Amino acid sequence: MALTKKQLEKIEDIIEKTLRNKLLTYKPETANMPFHYKLLGRDRMALFSFIHSLNTTFGTSIFEPVAEILASFKFPFVQKQFDVGNTISEQAQVEIQHIMNELTTGKNPNKIEEIERIRKVATSGKMIKIKTVKVDLMVKSSDRKVYLFDIKTAKPNISNFKDFKRTLLEWIAIYLSKHPDADVHSYIAIPYNPYEPKPYERWTLKGMLDLENELKVADEFWNFLGGEGAYSELLDCFERVGIRLRPEIDEYFSKFK
C-alpha cells in the first residue's frame, strides 16, 4: 500500500466535505430548456449542470489539497498556493523571450538547458516587478530539489500553452534570483488522462514543452507525490466517498423530477 490509513482518511474527508458543501450551496441554472427537460428530465439536467459546476472547483477544492496531503508524507516541505515572488532580473526576462522565440520557430524544448541559461542571468542587471500566478503546489525533497507544479484541467486549451510555458520559465527565474544555486524544476501537472486507455496526446504539447522534464500526467503526477500506487488508491478514495454519499446525492436530485 502506497498510502497510509491517515492519508486515506484525510483525502476522503476532503472529498466528502467538498461534495457536501457543493450540494448545500449549489443553485441550478435557471435557464429554461423545455426540449431538454422533456427529453431527459429535469433531474438529469440538474445533475448535468451540477457536474459541470463541480468540474470548475475540482482544482482548488480537491486536487490541490489532496496533492498537498500526498506530498506531505514524502517530502519535508510542501505548500499549496506557494507565492514564488514577483521580481525578476531584466536579463532573465530577455533570456526567457529568446527561449520563447526559439521554440516558436521550431527549436526543440530542452528544459535542463533552459534552466541553466536562466540561471546565468537570474541575478544580473536591474530587478523588476512582474505579475505572475501563484504556484499551485511547491514541494522540496530531502536532497533539496525544488518542484513547482501548475495543476491544469485534463484538457487544457492548447492555444494557451505558450503562456503556460512562459509562466514555468518565469517561476524558475524568480526562484533563482533569490536562490541562485537551487536545483529547481517547474512542471505542468494534469490530474488524469481523459483519453484512457489510449495514451495522453502528448504530441499536441511537443512544440512548447519538454515532455520528459516539464509534464506529468495522471499516475506520473500522483505517484511522484505519494509513491508507487498512489494514483490507483486515490481513485479508490473517490469511489468509496461516492458510494457513501450516493443516497444523499440521489435524494438531492430527486426533488428536480
Side-chain angles (χ1 to χ4, degrees), residues 1-74 78-81 136-137 149 151-156 189-198 200 216-257:
M1 177 183 285
L3 307 185
T4 66
K5 183 180 179 181
K6 187 175 181 181
Q7 279 177 302
L8 295 172
E9 289 174 350
K10 283 187 172 183
I11 289 167
E12 290 185 25
D13 185 56
I14 286 173
I15 300 168
E16 193 166 320
K17 284 181 178 177
T18 300
L19 191 55
R20 278 208 170 102
N21 183 61
K22 193 69 178 176
L23 288 170
L24 286 172
T25 60
Y26 174 66
K27 294 181 180 179
E29 294 180 5
T30 57
N32 182 42
M33 304 174 74
F35 293 101
H36 294 72
Y37 295 154
K38 294 293 185 182
L39 182 65
L40 300 173
R42 286 181 179 270
D43 56 339
R44 290 189 179 92
M45 288 301 298
L47 179 58
F48 171 78
S49 176
F50 177 79
I51 292 170
H52 180 72
S53 177
L54 186 63
N55 282 340
T56 63
T57 64
F58 249 59
T60 54
S61 299
I62 295 181
F63 289 144
E64 285 182 24
V66 166
E68 185 180 39
I69 288 172
L70 283 181
S72 65
F73 283 76
K74 180 180 173 184
V78 180
Q79 186 178 332
K80 62 182 177 70
Q81 288 298 300
D136 290 331
L137 184 73
F149 289 101
I151 303 175
K152 296 298 182 188
T153 58
K155 288 187 178 182
I190 299 178
Y192 63 93
N193 175 14
Y195 309 106
E196 219 171 87
K198 294 181 180 179
Y200 191 83
K216 290 189 182 295
V217 179
D219 56 334
E220 294 174 326
F221 175 55
W222 297 110
N223 291 353
F224 174 81
L225 297 180
E228 195 63 32
Y231 177 59
S232 60
E233 290 192 46
L234 183 57
L235 291 176
D236 290 342
C237 288
F238 276 79
E239 183 177 32
R240 286 192 291 271
V241 172
I243 291 170
R244 283 201 300 272
L245 295 188
R246 194 156 295 160
E248 294 178 41
I249 295 170
D250 289 343
E251 182 181 0
Y252 178 84
F253 287 102
S254 66
K255 63 187 179 184
F256 294 101
K257 288 183 178 179

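Numbering of residues begins at 1 and proceeds along the displayed sequence. From a predicted model like this one, the values you see are computed outputs, not experimental measurements.
- The side-chain hydrogen bond (donor to acceptor under 3.5 Å, both in side chains) test applied to K152 returns D150, not counting sequence neighbours.
- Applying the side chain to side chain contact (heavy atoms under 4.5 Å, CB included) test to E251 and every residue at least two apart in sequence or in another chain returns nothing.
- I51 is linked by a side chain to side chain contact (heavy atoms under 4.5 Å, CB included) to L47, N55, counting only residues two or more places apart in sequence or in another chain.
- Atoms CG and CD1, on L19 and I14 in that order, are 13.5 Å from each other to the nearest 0.5 Å.
- In terms of modelled atom types and a separation under 3.5 Å, the side chain of E233 and the main chain of A230 share no donor-acceptor contact.
- Counting only distance, with no hydrogens or angles, the side chain of N223 and the backbone of Y231 share a donor-acceptor pair below 3.5 Å.
- Residue N21 forms a side-chain contact (heavy atoms from CB on, under 4.5 Å) with just one option from T25, L23, T18, and that option is T25.
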Please walk me through it: do L235 and Y192 pass side chain to side chain contact (heavy atoms under 4.5 Å, CB included)? CA-CA 10 Å; L235 291 176; Y192 63 93; over 6 Å; no
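- Not counting sequence neighbours, the partners of D136 by the side-chain hydrogen bond (donor to acceptor under 3.5 Å, both in side chains) test are Q81.
- Evaluation of the side chain to side chain donor-acceptor pair (under 3.5 Å) test over residues 38-48, restricted to residues two or more places apart or in two chains, returns none.
- Using bins of under 30°, 30° to 60° and over 60° for the plane-to-plane angle, the ring pair Y252/F50 lands in the tilted bin.
- Counting heavy atoms from C-beta on, the side chains of I151 and F221 come closer than 4.5 Å.
- The number of heavy-atom neighbours closer than 6.0 Å to OH of Y195, taken from other residues, nucleotides and ligands shown, is above 12.
- Interatomic distance, CD1 of I11 versus CD1 of I62, reported as 11.5 Å (0.5 Å rounding).
- When all heavy atoms are compared, the tightest approach of Q7 to L70 is NE2-O, 3.5 Å.
- With values rounded to the nearest 0.5 angstrom, F63 atom CZ is found 6.0 Å from W222 atom CH2.
- Sorted by first then second residue, the salt bridge (charged side-chain N to carboxylate O under 4.0 Å, His left out) pairs that include residues 12-21, not counting sequence neighbours, are E12-R240, E12-R244, D13-K17, E16-R20, E16-R244, R20-E248.
- Here the options are L137, I69, V66, the test is side-chain contact (heavy atoms from CB on, under 4.5 Å), and the partner is L225; only L137 passes.
- Rounded to the nearest 0.5 angstrom, I15 CD1 and L234 CG are separated by 6.0 Å.
- Expressed to the nearest 0.5 Å, how far CD of E196 lies from CG of D219 amounts to 7.5 Å.
- A cation-pi geometry, defined here as NZ or CZ lying under 6.0 Å from the six-membered ring centre and within 45° of its normal, holds between K74 and F224.
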